[in-house]
Amino acid sequence: MFYYYGEIRNFNSVVSLPIHMRGLEHLKKEAGIAACEYVSNGMKVGLGTGSTVKYTIMELGRRISDENLKIVGVPTSESTRILAQSLNIPLIKIEDVDKLDLTIDGADEFDINYNLIKGGGGALTREKIVANASNAMIVVADDTKKVNILGKFPLPVEVYVDDWEYVQSEISKLCRGNVYLRGGEISPYITDNEGYILDCNFGPNITIPSDLENIINSIDGVVDVGLFVGICDIIIISSPSGINTLINQNGRLS
Ligand code: 5RP
């Protein structure tokens with residue numbers, strides 16, 4: 001059973017609510033807040049993007065204001081930058097630091113080997129840059145994100161605007177044509193890097209994510225692919241029965 005592949009710690013304080021009160025939003029909030037335990041004074045923290053890590057960022061803002069927590073953050077998207085600024089979280093640019101202590105981010109899917117699909121929010125390239133510049137990565141997610149094999153969630157690939165059709169045709173050869181321009185041709189979704197996103201429907205068949213990451217990244221016109229392999233150290237998972245923290249035994253926080 002999936003949950004038993006890593007070390008498990010229970011945050012018993014969160015299991016007392018009856019199940020009917022524990023909607024998805026509540027689960028996101030619990031996972032997001034639980035990750036803040038890993039943040040302490042003096043840290044440089046990568047701030048992810050999405051509706052789960054939003055709660056991490058809000059809690060960090062609260063601790064800065066109520067508990068005088070001293071951290072600086074590096075946002076992974078414009079939306080996160082705006083949120084963090086509204087909470088008075090001091091921000092720096094990734095190019096102004098050598099290494100970050102920690103990145104906390106969400107995921108669209110994760111597997112038992114701590115591989116991730118990210119980019120549902122379109123921020124995958126900067127998320128990967130920030131995660132790779134960090135000494136550790138913690139993922140916050142509800143348990144609907146866990147899968148045996150990655151790929152049910154359409155794999156986001158960021159592409160240069162002028163090259164999207166070429167990349168679409170190349171990736172289509174790998175997944176039988178199921179590659180869609182996010183937002184459609186009339187009003188495509190534009191990333192913070194002013195690129196496009198292709199959502200690639202591989203289905204739950206991505207058995208060797210590192211191979212697929214290399215193959216897709218070798219296609220001219222690709223900016224980056226939303227496969228995160230060998231980067232994630234901890235996954236904090238919320239479910240109706242509480243919070244489990246999986247610690248990657250091959251990771252940097254084991
Ligand atoms: C944004 C991401 C998000 O982390 C991912 O989409 C998960 O978001 P959410 O917590 O809203 O489900 O990769 O690019």
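Indexing begins at 1, ligand by ligand and atom by atom, following the structure's order. Excluded from the calculations below are hydrogen atoms, water molecules and symmetry mates; all remaining heavy atoms, backbone and side chain alike, are included.
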In the protein, what heavy atom is nearest to [atom], and what distance, to one decimal place, separates them?
atom: atom 12 (O) of ligand 1; value: K145 NZ, 2.8 Å
atom: atom 13 (O) of ligand 1; value: G119 N, 2.8 Å
atom: atom 9 (P) of ligand 1; value: S51 OG, 3.4 Å
atom: atom 8 (O) of ligand 1; value: G50 CA, 4.0 Å
atom: atom 5 (C) of ligand 1; value: D108 OD1, 3.2 Å
atom: atom 2 (C) of ligand 1; value: E127 OE2, 3.3 Å

[X] heavy atoms, cut-off 4.0 Å: which ligand 1 atoms fall inside?
X: D105; value: 4 (O)
X: G122; value: 14 (O)
X: T49; value: 1 (C), 2 (C), 3 (C), 4 (O)
X: G106; value: 4 (O)
X: T52; value: 9 (P), 10 (O)

Nearest-0.5 Å distance, [atom1] of residue [X] to [atom2] of residue [Y]:
X: E37; Y: E59; atom1: CD; atom2: CD; answer: 11.5 Å
X: L150; Y: I206; atom1: CG; atom2: CD1; answer: 6.0 Å
X: T80; Y: I89; atom1: OG1; atom2: CD1; answer: 9.5 Å
X: I82; Y: L87; atom1: CD1; atom2: CG; answer: 12.0 Å
X: C36; Y: L60; atom1: SG; atom2: CG; answer: 4.0 Å

Q) Using a distance-only test with no angle check, is there a side-chain donor-acceptor pair under 3.5 angstrom linking E25 and Y55? A) yes
**Q.** Over all atoms of both residues, closest heavy-atom pair of A35 and V140
**A.** CB-CG1, 3.5 Å
Q) Under 3.5 Å, N or O to N or O, is V53 touching ligand 1 that way? A) no
**Q.** Qualifying residue for side-chain hydrogen bond (donor to acceptor under 3.5 Å, both in side chains) with H26, from K28, K29, E30
**A.** E30
Q: Look at the side chain of K128 and the backbone N and O of G226, then say whether any donor-acceptor pair between them is shorter than 3.5 Å.
A: no
Q: Determine whether any heavy atom of G48 lies closer than 4.0 Å to an atom of ligand 1.
A: no
**Q.** Residue-ligand contact K54/ligand 1, heavy atom below 4.0 Å
**A.** no
Q. Any ion pair linking D192 and R126 (charged N to carboxylate O, less than 4.0 Å)?
A. no
Q) Using a heavy-atom cut-off of under 4.0 Å, does the side chain or the backbone of A141 touch ligand 1, or both, or neither? A) neither
